Each structure stands twice: as C-alpha cells, then as structure tokens.
*Asks:* 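Below you'll find the structure I mean.
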Amino acid sequence: MRISHLFGRTLRDAPADAELPSHRLLVRGGFIRPLGSGIFSLLPLGWRVTQKVERIIREEMNAIGGQEMLMPVVHPAEIWRETGRYDQIDASLTRFTDRADRDLVLAMTHEEVVTDLARSEISSYRQLPQIIYHLQTKWRDEPRARGGLIRVREFTMKDSYSLDRDEAGMLAAYERHRIAYDRIYRRTGLKFYMVGADTGMMGGKLSEEFMAPSPYGEDIILISPSGDYAANREVATFRRDAPPAEDALPMEDVATPATPTIQALADLLGVPTSRTAKAVFFTGDSGRFIFAVIRGDLEVNETKLRKVTGEGNLTPATTEAIRATGAEPGYASPVGLAARDDLVVVADLSIRDTPNLVAGANRTGFHLRNVNHGRDWTATIVDDIASAEDGFPSPTDGAPLRAERAIEVGNIFALGDRYTSMLGATYLDEQGESRPIQMGSYGIGSGRLVASIVEQNYDDRGIVWPAPVAPFSVYLTWIGKDTDTATFDAAAAIHDDLLAAGVDVLFDDRTERPGVKFADAELIGCPLRLSVSTRTLAEGQAELRARTATESELIPLGDVVTIIQQRIADLMAPFVVS
RNA sequence: CGGGGUGUGGCGCAGUCCGGUAGCGCACUAGUCUGGGGGACUAGUGGUCGGAGGUUCAAAUCCUCUCACCCCGACCA
C-alpha cells in the first residue's frame, strides 16, 4: 500500500474533546473518525487492525467448534417481550416502529434471536451441543458515550452462544470459551485478568469478565498477590476479621451531640469505626425501602445489595422516606424500627459477627452502646453486602488485595435456561422427555479490544502495535531529494519485493521531509520501519528500526526480504500461543 | 436525567464582555530554496461564525428558542 493512496490522514493535533490516549492516537493516526456521539467510522488503517483482531477471534472460535453465522440487527419486539427484557431494560434499548406501526428494537445483544432459532431448529438431543457465533453490529443507547472506542453506542461484537443438553455440557462449553478467550487476548498482546463478575442484565448463574488493566478503566478489579483470586469489585469478597470474643453487654443510651457521621461518633466515644454500625438507605425498584446496616469501617456494595434484596435497581432514599420509617438521618438505627411490609432491613455479615456495637438511637444527639444483632433487633436479611477495597484480605489466603482500574474487554455467562425456558426452546432427550436447552453467552467487543490494546501500547510519539494486530508490519520510507528518483525507485522495488513475499508493507512514497515521515511512522506505530536514503543506497543498504528500538541497523539491500521476514517472525513469536 | 462547558475553514484556536468589511497557527494548492526528525519564503484556495427567529442603519458579538458535541455525576454488559 502506498501512503499517497491511503484514505485518511494523520493529524498533528488531536481534537480537543479526545481525552483518552487511545482516542487521541487513533484519531490522530487516521484510524478512526467520529460521526456522532459514540459513533465512529473505521478508516482503512483502523479497519485493518480490526480485521486482524477479528481474524484471531474467528480462528479461536472455530477451534472450539464454533460455527460462524450472522443474525439481524433489527428484531421484532415480540421476542424481547417474550423474555421480558422489552420492559425490563431502560432506554439503552432503542425501540422504534416500522411503517405498519410494528414494534421493533435495535439489537443490543442476540440471546433472543439465538433462542428463537434454537426452538425452531433444535428438537432432539442428537442436535446438541452447538456453539454458534457471529460478529455483528450492536446498538446500545448509552446515557453517555465517552472515551473514543472504549465506550460507544454503535459497536461490533463477537458474540457466541452455546446450546447444551444439560448443565454439565453448558459448563464444558463455558470452560472452552474461557480457554479460547485466554488465547485470543494473549494472541493480540493484551494484558488482562479474568475476574469473577456480576451477571447484571444477562441473568444467569456464572459469569466472568476479561479485564484489561488501564488507568482509564471504568471498572475496578481486586486481585490477590498470588493471583489465585481476582474479581470485579461489584462482587469481590474478602476474608472477614475474627469477631472480638466478648460477651454481650447491656444496651445503654449515650448522649452524642453533633455526631451525624461515623467518624465524628468514633472520635467522640473513643472507639474504632469498626465498633460502630452505620445505616444506608435506598428505595428499590419494587418501591420497598431498603435499610442496610453495615459496620462503620465498611462500605455498602450496591451490586451485592441489589442481589440479596432481589431489587433490579436501587436509588438513594430521600430524607422524607427515611423519616417515614421512624429512623432519624445521622442517628438512624435498626433498633426499634416498626415492622412494615415495605421495609427490608439488611445486615452485613460484619454486623451479625461483631458484638456490642455503637448504633444510632433514632433521636438526634443520641446513640446506643452495646447493640447486638439477634438480641436487640433482627434483620430481614443477613448477608454479605460489603464492598472489598484496596488492601482488604483476600478470601483465599488473607494477603492484601490490590485494586486496579480495568476495561472490560469480554465476558462469559453461563445462562442456564433463563432464556430458553421463557421462549420454549426445548429438546427431547433419550427418554423422550422435553427439556430446556442450557445456554451460555460469550461476548468480545472488537473495537473496545482494539482501543484497549492501544491504551496499553503507546509512547509519547504514538501507538506501538503488538505485531499480530499492527495495520502493517513494515513502514517503508525513502529519504532523499525530490529529484532523487534512484532512491525512490529503490524503495519502490523493495515495496514490490516485500509485497511479493507476502509482507504487510505500507510505503511512504511521499516527497515529504524525513521528519514528517518519521513522525507519521511512529504515530501509526508499525512494528518495523525500513528506510532507504540516498546515503544508504550508495552503500547498498537500507536502514531498519523497530518501533520499540532507539537504534537503527543497516542491512544489505539484497537481504531485505529475508531479514524483514525473520524480524517479523521474531516480533510475532511472543504472541504465538501453543 | 442533574451540574458544568464548547460550537468560528479539515485540525487547534483568537475575536463575543464593549455590535461596525471574519482573523491566526497547522493542513491544502502553486512556485523557489532546503534536504535524516513535523523546515523557510512568496503567492493562493477554503468559513451562510451550529440552526431558527428577534432587536438594530448594522449581529460571530445583544435577546429568545433550538440542535449538536464534550466533561463531571447518575446509569450501564
């Protein structure tokens, strides 16, 4: 490819609104262009990278028996109503109508379609198991798109779906995807963690996420030093301290003026925050009031709280709603609350396990000492609702967990019969019994993966592509006066030779000054840069430099093709997964 | 959805407060010089100042409405 023919150009300045390194560099390098909020075109350079990534994905999906197909972007609302998601999902699901006023949705994922296909195509155990996948455009009307390709509204996703007879089969398919994903990310050169995750809107039983560490990640993961534990903070657990061995003491009032915060209370009474109980209030989707109680040194984890209460969503309660329960904000206490159908009191395990806590008295300026769960009050639900934080002990070995920001680049869900039962996707087993198909769903956003690779591979001059996904392996330039056709011709001949040898080469054939070409070469970030100049040509040589190197080397013109091929093989080697 | 901000040529910006012939840098075109790290000079191309309405002799500038985009938050696979 000659750069003079390449559609798209590099920019010296990034658009003012691009903040993330990947966003700035992909725009500056001429890989992507924005069309609207969260909507991007992939220019030829960006498309080449994407195709290389997608090729790796396809190879690994095929390797686990996946069959590629293609499912529609526009779905009749009917199938989304059947699974209940038409009404469950907020405005991020775009609904519209056609000319006949039929309700349609823009696909944000394809479980419904797969399940619909499964119920019409699969009728016997003999047809199972199956893994099908596609790479398809998805539309999710994010409340706020941001960060270039990291968080977009329109994007391409590889999603695969496993269909199995039983749970064991589903788990085997899940395991195969775990292995395939591990290989995919290693082959693209991405650093990643596999972490336990929340199942969120997908529902289902088991879920893991593949997280690319990046300071700009929107998720926080917790990792144990030994690597034997890693989880999204939404679901991360931690080893609880052994509870103090104390007998329950008599509960008593204590005057605590001007102590609406846990810290003020602990300071006044001279006790650690871990000996206090604090209350946090939410209103659930169902309209119920959620009164959560947790030890003062811990924070409530909303995802966990949602799960244990069965609420789809929680919003912080208003002061009026808090008072309506009989509690006093700042001095709220679960002790003495009147039972109500629409009141759910949730205690964290820390509350159950810690005796003689200081809790509110539901009167401004007063608290209670020596409050004990089970004696003085009883929660509706006792469960783990505490957020794991940086430094907390790992549930596996107690070593301090490390919190790290990360970008979610893929996920795997064992869904079970969540969708198949609702849509009636069943098969007849050997005994002639009708049973629901067990399903799994597995996604990788290819654009987000590309952007995440950039987030992890750049320097102050531009992108440093891992060899397997670079738009071109070699950036070839010629350096000489405009009139130096001999040098240009020599470079053009190398271009032809490399192409003939099957090397991905981008030929900067412009009559730009060297600085301009080198700057573009580094911005675009191909692994190798090969230059032929008036000087090197006179000596029968070309100059080779790796994108990561600070020094160049001279190689004989006659050996260019073999040396380049060898170097590319060397650069690819670290990403070969056996 | 709440808070904040920005819309002026492909990109980056000034001009808006205080109304008076739309500017600068980069990029682009032509030419000359230069020739290994975004070079210099000369001459050019390109903009209904996001849109609509209003005030005014006159609007990028003032007023009203509106659209888009960005940031923070809420939310989210």
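We name chains A, B, ... by the order of the sequence lines, and we start the count at 1 in each one. These numbers were taken from a predicted model, which means no experiment stands behind them.
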*Asks:* Step by step, work out the side-chain contact (heavy atoms from CB on, under 4.5 Å) result for M439(A) and T115(A).
*Replies:* CA-CA 9 Å; M439(A) 185 162 133; T115(A) 313; 3.6 Å; yes
*Asks:* When the P atoms of rA60(B) and rG7(B) are considered, how many whole Å apart are they?
*Replies:* 16 Å
*Asks:* Could you tabulate the donor-acceptor pairs under 3.5 Å formed by side-chain atoms of residues 209-216 of chain A, not counting sequence neighbours?
*Replies:*
{"residue": "E209(A)", "atom": "OE1", "partner": "N232(A)", "partner atom": "ND2", "Å": "2.8"}
{"residue": "S214(A)", "atom": "OG", "partner": "Y216(A)", "partner atom": "N", "Å": "3.0"}

*Asks:* Under 4.0 Å, heavy atoms only, any strand: does R33(A) hit a base, just the sugar-phosphate, or nothing?
*Replies:* nothing
*Asks:* Do the side chains of E553(A) and R545(A) get close enough for a salt bridge, i.e. N-O under 4.0 angstrom?
*Replies:* no
*Asks:* May I ask you to check whether F507(A) and F488(A) place their ring centres under 6.0 Å from each other?
*Replies:* yes
*Asks:* Quick one: on RNA chain B, does G38(A) or E543(A) contact a more 5' nucleotide (nearest heavy atom)?
*Replies:* E543(A)
*Asks:* Hey, can you tell me if F40(A) and H23(A) have their rings parallel, tilted or perpendicular (30° and 60° cut-offs)?
*Replies:* perpendicular
*Asks:* Is there a side-chain contact between S37(A) and the phosphate of rC70(B), meaning an N or O under 4.0 Å from OP1 or OP2?
*Replies:* yes
*Asks:* How far does the C1' atom of rA43(B) sit from the matching atom of rU6(B), given to the nearest Å?
*Replies:* 35 Å
*Asks:* Got a second to check how far I453(A)'s CD1 is from E455(A)'s CD, nearest 0.5 Å?
*Replies:* 11.5 Å
*Asks:* Report the distance from atom CD1 of I444(A) to atom P of rA77(B), rounded to the nearest whole Å.
*Replies:* 19 Å
*Asks:* Taking pairing as Watson-Crick or G-U wobble with both contacts under 3.5 Å, can you name the mate of rC75(B), or confirm there isn't one?
*Replies:* none
*Asks:* Partner lookup for rG19(B), please. Criteria are Watson-Crick or G-U wobble with both distances under 3.5 angstrom; report none if nothing qualifies.
*Replies:* none
*Asks:* So that I can tick it off, tell me whether R547(A) and D459(A) are bridged by a salt bridge, with the cut-off set at under 4.0 angstrom between side-chain N and carboxylate O.
*Replies:* yes
*Asks:* Can you tell me how far P in rA52(B) sits from the matching atom in rU16(B), rounded to whole Å?
*Replies:* 23 Å
*Asks:* Could you give the distance separating rU8(B) and rC13(B) at their C1' atoms, to the nearest angstrom?
*Replies:* 10 Å
*Asks:* Classify the side chain of R513(A) and the base of rG35(B) as holding, or not holding, a donor-acceptor pair under 3.5 Å.
*Replies:* no
*Asks:* Could you give the NZ-to-C1' distance, from K517(A) to rG37(B), as a whole number of Å?
*Replies:* 12 Å
*Asks:* For G480(A), which contact category applies under a 4.0 Å heavy-atom criterion: base, sugar-phosphate, or nothing?
*Replies:* base
*Asks:* If you check the R529(A) side chain, which of rC70(B), rA77(B), rG37(B) turns out closest?
*Replies:* rG37(B)
*Asks:* Which whole number of Å gives the distance between the P atom of rA40(B) and that of rC1(B)?
*Replies:* 48 Å
*Asks:* For rG53(B), give the paired nucleotide (Watson-Crick: N1-N3 plus N6-O4 or O6-N4; G-U: N1-O2 and O6-N3; both under 3.5 Å), or none.
*Replies:* rC63(B)
*Asks:* Tell me: CD1 of I32(A) to P of rC11(B), nearest whole Å?
*Replies:* 14 Å
*Asks:* For the pair made of CZ in R9(A) and P in rA27(B), what is the distance, rounded to whole Å?
*Replies:* 10 Å
*Asks:* Distance check needed: rA77(B) P versus F155(A) CZ, whole Å only.
*Replies:* 12 Å
*Asks:* Taking donor-acceptor contacts at under 3.5 Å, does the side chain of E142(A) reach the base of rA77(B)?
*Replies:* yes
*Asks:* Looking only at side-chain atoms of E209(A), point me to the closest of rA77(B), rC69(B), rG37(B).
*Replies:* rA77(B)
*Asks:* On RNA chain B, does the nearest nucleotide to D90(A) precede the nearest nucleotide to E512(A) from the 5' side, or the other way round? Give the residue.
*Replies:* E512(A)
*Asks:* Quick one: which of rU34(B), rC69(B), rG37(B) gets closest to the side chain of D482(A)?
*Replies:* rU34(B)
*Asks:* Applying a 4.0 Å non-hydrogen cut-off, can you work out what T536(A) is touching in the nucleic acid: base, sugar-phosphate, or nothing?
*Replies:* base
*Asks:* Who does rG44(B) pair with, Watson-Crick or G-U, both distances under 3.5 Å?
*Replies:* rC28(B)
*Asks:* Where the side chain of P514(A) is defined as all heavy atoms beyond and including C-beta, which of rA77(B), rC75(B), rG36(B) is the nearest nucleotide?
*Replies:* rG36(B)
*Asks:* Taking the side chain of D13(A) as its heavy atoms from C-beta onward, which of rG37(B), rG25(B), rG38(B) lies nearest to it?
*Replies:* rG25(B)
*Asks:* Just call it for A14(A): base, sugar-phosphate, or nothing, with non-hydrogen atoms closer than 4.0 Å on any strand.
*Replies:* sugar-phosphate
*Asks:* Could one point to a donor on the side chain of D484(A) or the base of rG35(B) with an acceptor on the other under 3.5 Å away?
*Replies:* no
*Asks:* Given the C1' atoms of rC17(B) and rG35(B), what is the spacing between them in whole Å?
*Replies:* 49 Å
*Asks:* Please state how far atom CZ in R28(A) lies from atom P in rC26(B), giving the value in whole angstrom units.
*Replies:* 16 Å
*Asks:* When we call it a touch if two heavy atoms are under 4.0 Å apart, what does R448(A) touch: a base, just sugar-phosphate, or nothing?
*Replies:* nothing
*Asks:* Can you tell me, in whole Å, how much space there is between the C1' of rU61(B) and that of rG15(B)?
*Replies:* 9 Å
*Asks:* Select base, sugar-phosphate, or nothing to describe what A16(A) touches, counting heavy atoms under 4.0 Å on all strands.
*Replies:* sugar-phosphate
*Asks:* Side chain of R140(A) only, please: which of rA77(B), rG12(B), rU34(B) is the nearest?
*Replies:* rA77(B)
*Asks:* Distance check needed: rC26(B) C1' versus L11(A) CG, whole Å only.
*Replies:* 10 Å
*Asks:* Is there, by distance only and without an angle test, a donor paired with an acceptor across the side chain of R24(A) and the base of rG12(B) below 3.5 Å?
*Replies:* no
*Asks:* Charged N to carboxylate O under 4.0 angstrom, R529(A) versus E522(A)?
*Replies:* yes
*Asks:* Tell me: CZ of R306(A) to C1' of rC75(B), nearest whole Å?
*Replies:* 10 Å
*Asks:* Roughly how many Å apart are rG10(B) and rG51(B), using the P atom of each and rounding to a whole number?
*Replies:* 13 Å
*Asks:* Any side-chain N or O of R12(A) under 4.0 Å from OP1/OP2 of rA27(B)?
*Replies:* yes
*Asks:* Please name the nucleotide paired to rG36(B) by Watson-Crick or G-U wobble geometry with both distances under 3.5 Å, or report none.
*Replies:* none
*Asks:* Ion pair present between R178(A) and D182(A), side-chain N to carboxylate O less than 4.0 angstrom?
*Replies:* no
*Asks:* Let's see if you can work this out: which of rG37(B), rG35(B), rA77(B) has an atom nearest to the side-chain heavy atoms of K481(A)?
*Replies:* rG35(B)
